[in-house]
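Worksheet for the structure shown next.
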Amino acid sequence: MASNPHVLAIFFPLQGHINPMIQLCNRLVSKGIRVTFVTTASFSKNLEKQPHQHADSNLISMEAVPDSTSDEAHEALDIYEAFFRSFRAAMISGLSEIVAKYSNSREPLTAIVYDSCLPWMLDFAHEKGLKGAVLFTQPAAVCSVFHHVYKGSLEISHDEASEVSLPGLPVLAVKDLPSLLYDVRGYGAILRTLVEQFSTFEKADWRLFNTFDKLEDEVLKWMGKGCKIQTIGPTVPSMCTDKRIPGNYDYGLCFFKPKTESFIKWLDSKEDRSVIYVSFGSLADLSEKQLEEVAWGLIKTKCNFLWVVRDTEQSKLPQYLTSDLVERGLIVNWCTQLQVLSHRAVGGFFSHCGWNSTLEALVLGVPMVVMPQWADQTTNAKLIVDMWKTGVRVKADGNGIVTRDEVAARLNEVMQRESGDEIRRNVLKWKDLAIEAVSEGGSSDNNITEFADELFSTFRNIHQQKLAPARL
Ligand SMILES: O=c1ccn([C@@H]2O[C@H](COP(=O)(O)OP(=O)(O)O[C@H]3O[C@H](CO)[C@@H](O)[C@H](O)[C@H]3O)[C@@H](O)[C@H]2O)c(=O)[nH]1
């Protein structure tokens with residue numbers, strides 16, 4: 001008979017959502033939980049699979065369900081809506097078979113851990129007699145804003161000068177809110193998904209957040225008033241917070257593959273804190289003009305820089321600049337970001353402030369210069385600059401472009417010894433608190449242990465019921 005609880009883990013198929021789910025699952029595996037990731041065949045095919053980091057890799061597996069052939073998606077209003085519908089159709093039908101397969105096996109299922117953008121997974125889990133744990137991959141501050149919108153307690157004014165006051169949060173200007181709330185252009189389906197995250201929130205058996213208590217203390221208290229929530233972040237491999245723990249910096253499943261590993265040798269050749277690391281995550285789509293200004297701004301700083309320009313963005317780079325760029329800079333299509341941020345040569349991170357990048361910079365103690373693009377990033381920037389004071393923000397000109405002078409000025413502010421000192425001190429304070437949260441006995445570690453213990457007791461209850469003699 002099985003002795004370990006078994007959970008299905010369903011990530012939303014974007015890199016920024018996959019990484020925290022994998023890392024949470026690695027932690028569960030280390031506590032004896034068996035995990036099976038499930039995605040669709042087309043996503044599975046495109047994911048680079050690294051050998052699983054965990055010693056107990058026999059407790060981790062992955063399954064792919066067939067892509068949807070349903071017509072429902074064709075009736076959708078836009079490509080995002082079509083995608084959401086076909087992903088849901090594929091998962092619901094494929095997962096039914098997977099659940100049936102495991103229910104009579106030696107590895108019966110206990111629960112489904114699912115991304116908050118897939119709130120319908122909860123009803124599916126409950127229908128199958130399984131528990132459901134939802135994972136939120138954005139800050140509690142941002143989640144609370146969408147919670148208010150779902151409950152109808154926040155109306156957005158289109159007056160840019162107006163401000164919003166919400167429990168547990170600093171006063172927010174309209175532009176500090178998640179961008180989709182004031183600029184939804186073509187993203188209606190994504191906005192609906194973010195609001196709908198809360199449609200099954202109260203019914204979920206566990207509500208897990210990739211953040212930590214001390215980072216978002218007040219807003220977490222507010223969110224936890226209605227029902228229990230648990231912080232489990234920052235979800236980074238343990239070796240990032242404790243050098244004695246063996247491992248590697250890969251998250252394990254990735255849509256991108258670095259063309260070269262030479263960036264580490266290149267970093268090794270540079271002085272301490274002399275390199276600016278530049279990355280705008282897995283989705284950002286900067287205009288050619290903006291990329292050109294970033295390139296010139298980097299040149300103007302006179303610092304070394306390592307810049308991730310994804311394959312799909314590289315054709316936008318101005319060719320006439322590339323020889324200037326390569327002298328002091330290295331451009332790569334992708335890298336192991338955690339390894340780069342851990343490197344002694346990196347002194348600053350020019351970022352779009354996606355939530356994973358923000359937490360990774362905090363836990364690895366790297367000050368940021370932030371250029372938010374959309375979604376939660378606008379709110380994340382406000383938190384980084386005004387709440388935690390771990391970075392500075394570039395300002396766009398009247399045409400919405402961040403000029404080369406602005407890029408260079410803000411990067412220099414963070415990289416130079418005196419002006420950057422206060423920010424560096426703040427980052428180190430948050431780094432210690434982040435490490436404390438995920439280390440043994442810390443708030444996030446305790447919450448993961450509690451979650452794992454509850455999976456074990458649910459598992460035992462199910463088995464005891466099955467083994468108990470039927471009452472007459
Ligand atoms: O060369 C690179 C660049 C990035 N990364 C990793 O990719 C992830 C990127 O995640 P994130 O920083 O959150 O950015 P996005 O990919 O843009 O993430 C999306 O998902 C996040 C979580 O919901 C949101 O906060 C973002 O706004 C949204 O754009 C991080 O773990 C990075 O370490 C690498 O490993 N190598």
Side-chain angles (χ1 to χ4, degrees), residues 11-24 26 47-48 50 115-118 134-143 145-146 177-180 187 190-191 193-194 197 208-211 233-237 240 248-261 263-264 267 277-286 305-314 330-343 346 349-364 366 368 370-384 391:
F11 48 75
F12 190 74
L14 291 176
Q15 203 60 51
H17 291 243
I18 292 174
N19 292 359
M21 180 64 87
I22 290 181
Q23 206 42 48
L24 167 65
N26 278 343
L47 279 167
E48 290 287 330
Q50 307 296 334
D115 189 289
S116 60
C117 292
L118 313 171
V134 57
L135 172 64
F136 286 82
T137 66
Q138 296 189 348
V142 168
C143 297
V145 171
F146 286 114
L177 291 167
S179 70
L180 294 177
Y187 298 125
I190 300 179
L191 176 59
T193 300
L194 292 169
Q197 292 178 104
L208 312 173
F209 283 75
N210 183 18
T211 183
T235 53
V236 290
C240 292
N248 68 52
Y249 288 102
D250 264 311
Y251 274 102
L253 293 173
C254 194
F255 285 120
F256 306 89
K257 187 174 168 53
K259 283 193 181 127
T260 166
E261 304 283 329
F263 50 88
I264 290 300
L267 285 175
Y277 170 58
V278 189
S279 165
F280 304 117
S282 64
L283 294 173
D285 175 14
L286 272 62
F305 57 87
L306 170 61
W307 186 5
V308 178
V309 183
R310 300 189 317 274
D311 287 326
T312 47
E313 296 279 283
Q314 293 216 347
L330 183 66
I331 297 180
V332 294
N333 71 322
W334 192 254
C335 69
T336 30
Q337 180 164 302
L338 288 166
Q339 189 175 18
V340 167
L341 290 174
S342 307
H343 200 285
V346 172
F349 183 8
F350 187 21
S351 166
H352 69 317
C353 59
W355 187 234
N356 297 286
S357 293
T358 302
L359 286 176
E360 290 163 11
L362 269 190
V363 80
L364 293 165
V366 183
M368 298 177 93
V370 296
M371 185 165 77
Q373 300 297 300
W374 75 314
D376 58 333
Q377 295 152 24
T378 37
T379 313
N380 303 351
K382 166 79 180 169
L383 302 174
I384 292 164

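Each ligand, and each atom within it, is numbered from 1 in the order the structure gives.
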> Is there a side-chain contact between Cys240 and Leu364, using heavy atoms and a 4.5 Å cut-off?
Replying inline: yes
> Where does Phe256 meet ligand 1, judged by heavy-atom distances below 4.0 Å: at the side chain, the backbone, both, or neither?
Replying inline: neither
>> A side-chain contact here means heavy atoms from C-beta on lying under 4.5 Å apart; do Val278 and Leu306 qualify?
In response: no
>> One residue to check: Gln337. Relative to ligand 1, which of side chain, backbone, both or neither has a non-hydrogen atom less than 4.0 Å away?
In response: both
> Judged by non-hydrogen atoms, does Leu14 sit under 4.0 Å from ligand 1?
Replying inline: no
>> Show me which atoms of ligand 1 lie under 4.0 Å from any heavy atom of Ser357.
In response: 11 (P), 12 (O)
> Which option out of Glu360, Gln23, Arg310 puts a heavy atom nearest to atom 30 (C) of ligand 1?
Replying inline: Glu360
> Going from CE on Met21 to CG on Leu253, what distance comes out if it is rounded to the nearest 0.5 angstrom?
Replying inline: 11.5 Å
> Between Trp334 and Phe263, which heavy-atom pair has the shortest distance, and what is it?
Replying inline: O-CE2, 4.1 Å
> Which part of Asn356 is near ligand 1, with near meaning a heavy atom under 4.0 Å away: side chain, backbone, both or neither?
Replying inline: both
>> Within ligand 1, which atoms have a heavy atom of Leu283 less than 4.0 Å away?
In response: 29 (O)
> Between Phe209 and Phe136, how do the two ring planes meet: parallel, tilted or perpendicular, split at 30° and 60°?
Replying inline: parallel
>> List ligand 1 atoms under 4.0 Å from Asn19, heavy atoms only on the residue side.
In response: 6 (C), 7 (O), 8 (C), 30 (C), 31 (O)
> Which atoms of ligand 1 sit under 4.0 Å from any heavy atom of Tyr251?
Replying inline: 31 (O)
>> I want to check something: taking the side chain as every heavy atom from C-beta on, are Tyr251 and Gln23 in contact at a cut-off of under 4.5 Å?
In response: yes
> With a cut-off of 4.0 Å, which atoms of ligand 1 are near a heavy atom of Gln138?
Replying inline: 23 (O), 24 (C)
> Can Trp307 and Phe350 be said to form a ring pair (Phe, Tyr, Trp, His ring centres under 6.0 Å), step by step?
Replying inline: CA-CA 9 Å; Trp307 186 5; Phe350 187 21; 8.6 Å; no
>> Need the ligand 1 atom indices (1-based, order shown) with element for anything under 4.0 Å from a heavy-atom of Asp376.
In response: 24 (C), 25 (O), 26 (C), 27 (O)
>> Can you name the atoms of ligand 1, numbered from 1 with element, that are less than 4.0 Å from a heavy atom of Ser279?
In response: 3 (C)
> Can you find an N or O of His352 that's nearer than 3.5 Å to an N or O of ligand 1?
Replying inline: yes
> Would you say ligand 1 has an N or O under 3.5 Å from any N or O of Trp355?
Replying inline: yes
> In terms of residue, atom name and distance, what is the protein heavy atom nearest to atom 5 (N) of ligand 1?
Replying inline: Trp334 CZ2, 3.3 Å
>> Which residue and atom name correspond to the protein heavy atom nearest atom 18 (O) of ligand 1, and how close is it?
In response: Gly16 CA, 3.6 Å
> Between the side chains of Asn19 and Asn356, is a donor N or O closer than 3.5 angstrom to an acceptor N or O?
Replying inline: no
> Which atoms of ligand 1 are found less than 4.0 Å from any heavy atom of His17?
Replying inline: 20 (O), 23 (O)
>> Out of Ser282, Gly354, Cys117, Cys335, who is nearest to atom 1 (O) of ligand 1 when you count heavy atoms only?
In response: Cys335
> How close do Met368 and Ser357 get, heavy atom to heavy atom, and via which atoms?
Replying inline: CE-O, 4.2 Å
> Between Gln373 (side chain) and Met371 (backbone), is there a donor-acceptor pair under 3.5 Å?
Replying inline: yes
> atom 23 (O) of ligand 1: which protein heavy atom is closest, and how many Å away?
Replying inline: Thr137 OG1, 2.9 Å
>> For the residue pair Thr137 / Asn210, report whether a side-chain donor-acceptor contact shorter than 3.5 Å exists.
In response: no
> Among all protein non-hydrogen atoms, which one is nearest to atom 29 (O) of ligand 1, and what is the separation to 0.1 Å?
Replying inline: Gln377 NE2, 3.3 Å
> Between atom CZ of Phe255 and atom OG of Ser282, what is the distance when rounded to the nearest 0.5 Å?
Replying inline: 9.0 Å
